[in-house]
Amino acid sequence: MDSTQVGGKWQRDTVFHRVGDFRLQTQSGQWLSQHDLDGDVYVASFFFATCPQVCPRLNGQLQRVQEKYRKEPRVKLVSYTVDPQHDSVAVLAEYAKQYGALPDKWFFLTGPKDSINRLAVQEYKVTAPGPAMIAGTPGLVHSQRLLLVDRDKHIRGVYDGMDPKEIDRLMTEIRILLYTYDHE
């Protein structure tokens, strides 16, 4: 929260964290940057292809989001691998097929490990203690949190990607954002 004085009275305003730039490769070998998502609302997640239990469930929930907004070009899904040494473009292409990821809608991204760790820790803050944190995967920054990012690159919500009710809330909040944009 931030406070400012307007007309001699204090007003409180929510200050949303703004996600920094990135440039990583998609499952199709194309480069994707934060700039390529300008004007879009997106759901960010962190996963790895060899994750045995949590990631398949998390990505199953993301399939629901993709289906709900299949025909809405302003809604994207951005899934960052936390194991880029294993998760090459080819591995991500196969992985994306398992979930029926639409190539212009759901991006599975890989790149230098330090870049992905910076995004997870400093930009999306998925390693902060709190609900939906996965313990234990040594060397991998891993979370079942999903993050809603608005068209101005501000994080607008954090959701437990394993909870279907949280996914329903996420989809509702996407709809509200889009409605707001349509009626400005």
inquiry  = I need the minimum non-hydrogen distance between Asp150 and Arg156, along with the two atoms involved.
reply    = OD2-NH1, 3.0 Å
task = Output the distance between atom CZ (Arg169) and atom CG (Leu148), rounded to the nearest 0.5 Å.
result = 9.5 Å
inquiry  = With clusters defined by side-chain heavy atoms of hydrophobic residues (ILVMFWY) lying less than 4.5 Å apart, directly or transitively, does Tyr99 cluster with Leu92?
reply    = yes
request  = Provide the closest heavy-atom pair for Gln27 versus Trp106 in the form atom of the first, atom of the second, distance.
outcome  = NE2-O, 2.9 Å
inquiry  = With clusters defined by side-chain heavy atoms of hydrophobic residues (ILVMFWY) lying less than 4.5 Å apart, directly or transitively, does Leu32 cluster with Val91?
reply    = no
ask   = Between Tyr80 and Phe108, does the ring centre distance come in under 6.0 Å?
value = no
request  = Of all the heavy-atom pairs spanning Tyr95 and Pro56, show the shortest one and how long it is.
outcome  = OH-N, 4.4 Å
ask   = What is the distance from atom CG of Leu77 to atom CD of Gln66, rounded to the nearest 0.5 Å?
value = 6.0 Å
inquiry  = Whether Arg145 engages the ring of Tyr159 as a cation-pi pair (distance to the six-membered ring centre under 6.0 angstrom, angle to the ring normal within 45°) should be assessed.
reply    = no
task = Could you go through the side-chain contact (heavy atoms from CB on, under 4.5 Å) check for Gln30 and Phe107 one step at a time?
result = CA-CA 10 Å; Gln30 302 297 314; Phe107 304 102; over 6 Å; no
message = Would you say Ile155 ends up clustered with Ile116 if hydrophobic residues are merged whenever their side chains have heavy atoms under 4.5 Å apart, either directly or through other cluster members?
response = yes
ask   = Thinking salt bridges, do Glu184 and Arg151 make one under a 4.0 Å N-O criterion?
value = yes
query = Is there a side-chain contact between Leu24 and Leu119, using heavy atoms and a 4.5 Å cut-off?
reply = yes
ask   = Taking atom NZ of Lys105 as the centre, does the number of heavy atoms from other residues, nucleotides or ligands within less than 6.0 Å exceed 12?
value = yes
inquiry  = Within the structure provided, determine whether Val126 and Val158 are in side-chain contact (heavy-atom separation under 4.5 Å).
reply    = no
query = Around atom CZ of Arg57, are there more than 12 heavy atoms of other residues, nucleotides or ligands at under 6.0 Å?
reply = no
query = To the nearest 0.5 Å, how far apart are NZ in Lys68 and CG in Asp168?
reply = 9.0 Å
inquiry  = Please check: side-chain N/O of Arg18 versus main-chain N/O of Asp152, any donor-acceptor pairing under 3.5 Å?
reply    = yes
inquiry  = For the CG atom of Leu178 and the CD atom of Glu173, what is their distance to the nearest 0.5 Å?
reply    = 12.0 Å
query = Taking C-beta and beyond as the side chain, do Arg70 and Leu102 meet within less than 4.5 Å on heavy atoms?
reply = yes
request  = Would you check if Leu146 and Glu166 make a side-chain contact, meaning some heavy-atom pair closer than 4.5 Å?
outcome  = no
message = Ignoring hydrogens, what is the shortest heavy-atom contact between Pro84 and Thr110? Give both atom names and the distance.
response = CB-OG1, 3.4 Å
ask   = Going from OG1 on Thr172 to CD1 on Ile167, what distance comes out if it is rounded to the nearest 0.5 angstrom?
value = 11.0 Å
task = Check whether more than 12 heavy atoms from other residues, nucleotides or ligands sit under 6.0 Å from atom CD of Gln53, and answer yes or no.
result = no
ask   = Taking C-beta and beyond as the side chain, do Met171 and Tyr69 meet within less than 4.5 Å on heavy atoms?
value = yes
task = For the pair Asp87 and Lys113, find out whether any cationic side-chain nitrogen is under 4.0 Å from an anionic carboxylate oxygen.
result = no
Test: Glu123 and Arg118 ion pair at under 4.0 Å = yes
Run the side-chain donor-acceptor check on residues 37-48: report pairs under 3.5 Å with partners two or more places apart or on a different chain.
{"residue": "Asp38", "atom": "OD2", "partner": "His35", "partner atom": "ND1", "Å": "2.9"}
{"residue": "Tyr42", "atom": "OH", "partner": "Gln34", "partner atom": "OE1", "Å": "3.1"}
{"residue": "Tyr42", "atom": "OH", "partner": "Gln34", "partner atom": "NE2", "Å": "3.4"}
{"residue": "Tyr42", "atom": "OH", "partner": "Tyr124", "partner atom": "OH", "Å": "2.9"}
{"residue": "Ser45", "atom": "OG", "partner": "Ser79", "partner atom": "OG", "Å": "2.9"}

Min side-chain heavy-atom separation Ile174-Val65 under 4.5 Å = yes
ask   = Heavy atoms, side chains only, cut-off 4.5 Å: are Leu58 and Gln61 in contact?
value = no
query = Ser33 and Asp36: which non-hydrogen atoms are nearest, and at how many Å?
reply = N-OD2, 2.8 Å
request  = Answer whether the closest heavy-atom distance between the side chains of Gln144 and Asp160 falls below 4.5 Å.
outcome  = yes
message = Working to the nearest 0.5 angstrom, can you tell me the gap between Leu109 CG and Gln25 CD?
response = 9.5 Å
